[in-house]
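Since this is a predicted model, take the numbers as computed values, not measurements. Each chain gets a letter, A, B and so on, in the order the sequences are listed, and its residues count up from 1. Side chains are part of it too, since the values below use all heavy atoms of this structure and drop only hydrogens, waters and symmetry mates.
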Amino acid sequence: MSDLTRMTIAEARDGLDAGDFSARELTAAHITAMTASKPLNAFITETPDQAVDAATASDARRAKGEAGKLEGIPLAIKDLFCTKGVLTTAASHILDGFTPHYESTVTSNLWDEGAVMLGKANLDEFAMGSSNETSYYGNVVNPWRREGDNRDLVPGGSSGGSASAVASFSAMGATGTDTGGSIRQPASFTGIVGMKPTYGRCSRWGVVAFASSLDQPGPMARSVRDTAIMLEAMAGFDAKDSTSVNMPVPNFEDAMTGDIKGLKIGIPKEYRIDGMSDEISSLWQQGIDWMKDAGAEIVDISLPHTKYALPAYYIIAPAEASSNLARYDGVRYGLRVEGKDLNDMYASTRAEGFGAEVKRRLLIGTYALSAGYYDAYYLKAQKVRARIAEDFKQAYLNVDAILTPTAPSAAFGFGEKGDDPLAMYLNDVFTVPASLAGLPGISVPAGLSKDGLPLGLQLLGRPFDEETVFRVGGVLEEAAAFTATPTDWWRG
Amino acid sequence: MSLDKATVAKVANLARIKVEEKDLEPMAAELNNILGWIEQLGEVNTDDVEPMTSVAQMSLRWRADEVTDGGYAEDVVANGPNHEDGYFAVPKVIE
């Protein structure tokens with residue numbers, strides 16, 4: 001039998017339907033691959049025994065004619081999703097030993113459709129980071145390396161473990177969460193597809209909260225079609241999330257018609273930032289040419305407040321995080337560090353339990369919300385955010401989708417960004433504006449850098465118009481014909 | 001606006017994160033670097049702009065005021081580092 005890990009989800013679904021192999025065989029192949037990928041540190045917790053049980057149950061359901069949309073498909077779950085009876089860490093020391101007694105809505109939806117969990121994927125601590133260097137459980141390594149260079153590279157972040165697991169063929173797909181680019185940027189760095197749906201499309205219930213007005217779960221996989229299949233299973237109204245939107249979930253796969261003739265694709269001039277590398281700008285131009293060749297009309301647009309998105313984000317996200325992370329107090333979860341009184345216990349627990357980047361953001365957020373500064377920072381940032389959202393609204397009067405690079409560079413090495421947090425924040429320059437506006441976006445692998453590393457292009461759509469994003473994304477993917485894969489050096 | 005050592009100490013206390021005295025100065029420098037970069041938001045004219053509070057145009061849903069969940073205190077406290085009989089246990093608060 002050929003290597004079962006090299007298929008897409010769509011191919012595996014067909015193979016399972018045809019009886020070419022069983023869910024047990026498919027899962028076993030992925031457990032072997034996951035075990036072999038240990039040097040990548042993509043998983044915090046592996047759950048092979050549960051995976052075999054789930055695959056066995058899946059085969060039984062299929063035999064009875066009760067196959068779901070993801071029946072028997074082995075997935076990695078970002079360790080930000082609460083999973084009943086399975087350690088859930090958010091990659092933080094402060095959640096030591098936390099074993100939820102409930103299941104997140106998104107993962108429940110996946111299991112209802114027959115998916116199989118391989119394990120919990122590593123991430124930046126509380127999803128705060130763009131390189132997966134802030135995890136308490138250690139760095140995740142990108143399966144890709146520069147040509148002729150054996151140094152390890154970052155997988156991007158915060159969904160770095162999810163990205164690394166999918167790119168290394170250890171999982172067929174993975175859940176991610178995107179607050180400012182945490183699905184799209186690691187997808188770009190690892191040569192896979194990552195889709196952030198419209199805010200409200202997927203329930204946030206049972207997902208460890210970072211910045212509640214921005215957080216949105218989404219799929220990561222090796223083809224646009226696979227992300228469409230996954231999103232359809234993940235999405236849907238949930239009364240337990242007050243910002244979940246009560247709209248029907250379309251058949252996203254059917255939206256991929258392969259035809260974008262007459263669609264208008266916007267190219268925002270403000271994304272041509274100073275110092276953009278030649279390889280990123282030529283990749284972008286290549287993408288524009290592909291869209292034209294497919295019959296789309298290219299429209300130059302302006303999103304005038306683009307440069308203010310990052311500074312607005314770095315007020316809003318830390319402010320919301322400072323409120324959300326107040327719950328980690330040494331009383332209700334995991335870690336407790338005793339102190340001389342209750343206050344000292346809180347402060348000591350949080351000092352030991354949170355890493356440097358999380359502390360930095362909690363302090364910024366606390367300051368931005370503190371008496372006397374709320375108007376100057378948080379309120380101002382929310383007003384700037386309104387202007388950014390208005391920019392997109394105006395643009396979408398004239399275009400159907402927007403094409404940009406996903407990230408300003410290919411994957412970089414560990415520690416290469418130095419210890420300046422601002423240099424790291426700039427990674428999200430192209431992804432944060434759509435996060436602030438709540439728009440759907442996808443990163444599609446589109447080419448290789450001069451060093452042989454994958455680069456992604458990003459497509460953004462109108463609110464709740466994921467269908468157009470998938471439709472254009474499918475055409476972009478076909479034109480790019482990206483088939484490169486990393487050499488599997490980690491197997492030793 | 002620039003943060004001094006005393007303000008960092010105050011904010012750290014509000015955030016209930018213990019920061020060692022020797023770390024206050026470097027932390028102030030780090031936070032000022034970020035806040036200095038954020039100052040550019042001041043360039044944006046936001047007169048008569050309503051702050052954005054919701055991505056989709058939606059109003060919060062109403063529901064009947066009735067108990068729909070609960071009755072499993074042991075599950076709720078199970079992950080607490082110290083708990084007894086369905087209660088979280090904490091250091092003595094009132095003398």
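- For chain B, the nearby part of A:Leu436 is the backbone; its heavy atoms alone come within less than 4.5 Å.
- Here the shortest heavy-atom pairing between B:Ile38 and A:Pro311 reads CG1-O, 3.8 Å.
- Top candidate by heavy-atom pairs under 4.5 Å with chain B, chosen from A:Asp344, A:Asn343, A:Leu379, A:Ile315, is A:Asn343.
- Interface residue A:Val245: only side-chain heavy atoms are found under 4.5 Å from chain B.
- For a residue to count as touching a neighbouring chain, one of its non-hydrogen atoms must lie under 4.5 Å from one of that chain's; by this rule A:Leu363 touches chain B with backbone and side chain alike.
- Your options are B:Glu30, B:Lys10, B:Glu50, and the one with the most heavy-atom pairs under 4.5 Å with chain A is B:Glu30.
- With respect to chain B, the highest number of heavy-atom pairs below 4.5 Å among A:Tyr378, A:Phe354, A:Tyr333 belongs to A:Tyr333.
- Using a 4.5 Å cut-off between heavy atoms, A:Asp96 does not touch chain B at all.
- For A:Arg332 and B:Asn79, the side-chain atoms include no donor-acceptor pair closer than 3.5 Å.
- Each of A:Asp341, A:Leu310, A:Leu439, A:Leu362 has some count of heavy-atom pairs under 4.5 Å with chain B, and the biggest count is that of A:Leu310.
- Looking at B:Asn13, neither its backbone nor its side chain comes within 4.5 Å of chain A, counting heavy atoms on both sides.
- A distance of 8.5 Å separates CZ of B:Phe88 from CG of A:Asp329, quoted to the nearest 0.5 Å.
- To the nearest 0.5 Å, the span separating OH on A:Tyr377 from CG on B:Leu35 amounts to 4.5 Å.
- A donor-acceptor pair under 3.5 Å links the side-chain atoms of A:Arg350 to the main chain of B:Ala15, judged by distance alone.
- Counting all heavy atoms, side chain and backbone alike, A:His101 lies closest to B:Ala78 at NE2-CB, 3.4 Å.
- Interatomic distance, A:Thr349 OG1 to B:Ile17 CD1, rounded to the nearest 0.5 Å: 11.5 Å.
- Interatomic distance, OH of A:Tyr367 versus CD1 of B:Ile34, reported as 13.0 Å (0.5 Å rounding).
- With a threshold of 4.5 angstrom between heavy atoms, A:Ala381 approaches chain B through its backbone and through its side chain.
- B:Pro81 and A:Arg336 make their closest contact through CG-CB, 3.7 Å (heavy atoms, listed as atom of the first residue, atom of the second, distance).
- Contact of A:Tyr425 with chain B is made through the side chain alone, with heavy-atom distances under 4.5 Å.
- Listed options A:Ala437, A:Ser213, A:Ala368 were ranked by heavy-atom pairs under 4.5 angstrom with chain B; first place goes to A:Ala437.
- Ranked by heavy-atom pairs under 4.5 Å with chain A, the first of B:Val77, B:Asn45, B:Val76, B:Thr53 is B:Asn45.
- For B:Gln40, the parts lying near chain A are the backbone and the side chain together; criterion is any non-hydrogen pair under 4.5 Å.
- Contact check on B:Glu43 versus A:Lys307 returns a salt bridge, with a Lys/Arg side-chain nitrogen under 4.0 Å from an Asp/Glu carboxylate oxygen.
- Of all non-hydrogen atoms in B:Arg61 and A:Ala239, the two that sit nearest each other are NH2-O, 3.6 Å.
- If you measure heavy-atom distances from A:Pro421 to chain B, the contacts under 4.5 Å come from the side chain alone.
- Contacts between B:Val90 and chain A at a heavy-atom distance below 4.5 Å involve backbone atoms as well as side-chain atoms.
- Checked options A:Lys380, A:Lys383, A:Gln382, A:Arg385; the residue passing with B:Thr46 is A:Lys380 (criterion: side chain to side chain donor-acceptor pair (under 3.5 Å)).
- How far OG of A:Ser242 is from CZ of B:Arg63: 11.0 Å, rounded to the nearest 0.5 Å.
- Nearest approach of A:Arg387 to B:Val44, heavy atoms of both residues: CD-CG1, 4.0 Å.
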Would A:Lys359 and B:Val19 count as a side chain to side chain contact (heavy atoms under 4.5 Å, CB included) here? Give the steps.
CA-CA 10 Å; A:Lys359 282 183 201 170; B:Val19 178; over 6 Å; no

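- Neither the backbone nor the side chain of B:Thr68 comes within contact range of chain A; no heavy atom of the residue lies under 4.5 Å from a heavy atom of that chain.
- Contacts between A:Phe464 and chain B at a heavy-atom distance below 4.5 Å involve the side chain alone, from C-beta outward.
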Using the side chain to side chain contact (heavy atoms under 4.5 Å, CB included) rule, take A:Glu390 and B:Val49 through it: C-alpha gap first, then chi angles, then the decisive distance, then the call.
CA-CA 10 Å; A:Glu390 183 60 27; B:Val49 175; over 6 Å; no

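- Contacts between B:Leu41 and chain A at a heavy-atom distance below 4.5 Å involve backbone atoms as well as side-chain atoms.
- For the atom pair NZ (A:Lys240) and CG (B:Asp69), the distance works out to 7.5 Å, reported to the nearest 0.5 Å.
- Between B:Pro91 and A:Met345, the shortest heavy-atom distance links the atoms CD-CE, 3.7 Å.
- Annotation: side chain of A:Asp420 is in contact with side chain of B:Asn33 (closest heavy-atom distance under 4.5 Å).
- For A:Ser322, no part lies near chain B; criterion is any non-hydrogen pair under 4.5 Å.
- The candidate from A:Ser370, A:Pro463, A:Gly334, A:Ala389 with the greatest count of non-hydrogen atom pairs under 4.5 Å with chain B is A:Gly334.
- Interface residue A:Ala312: backbone and side-chain heavy atoms are both found under 4.5 Å from chain B.
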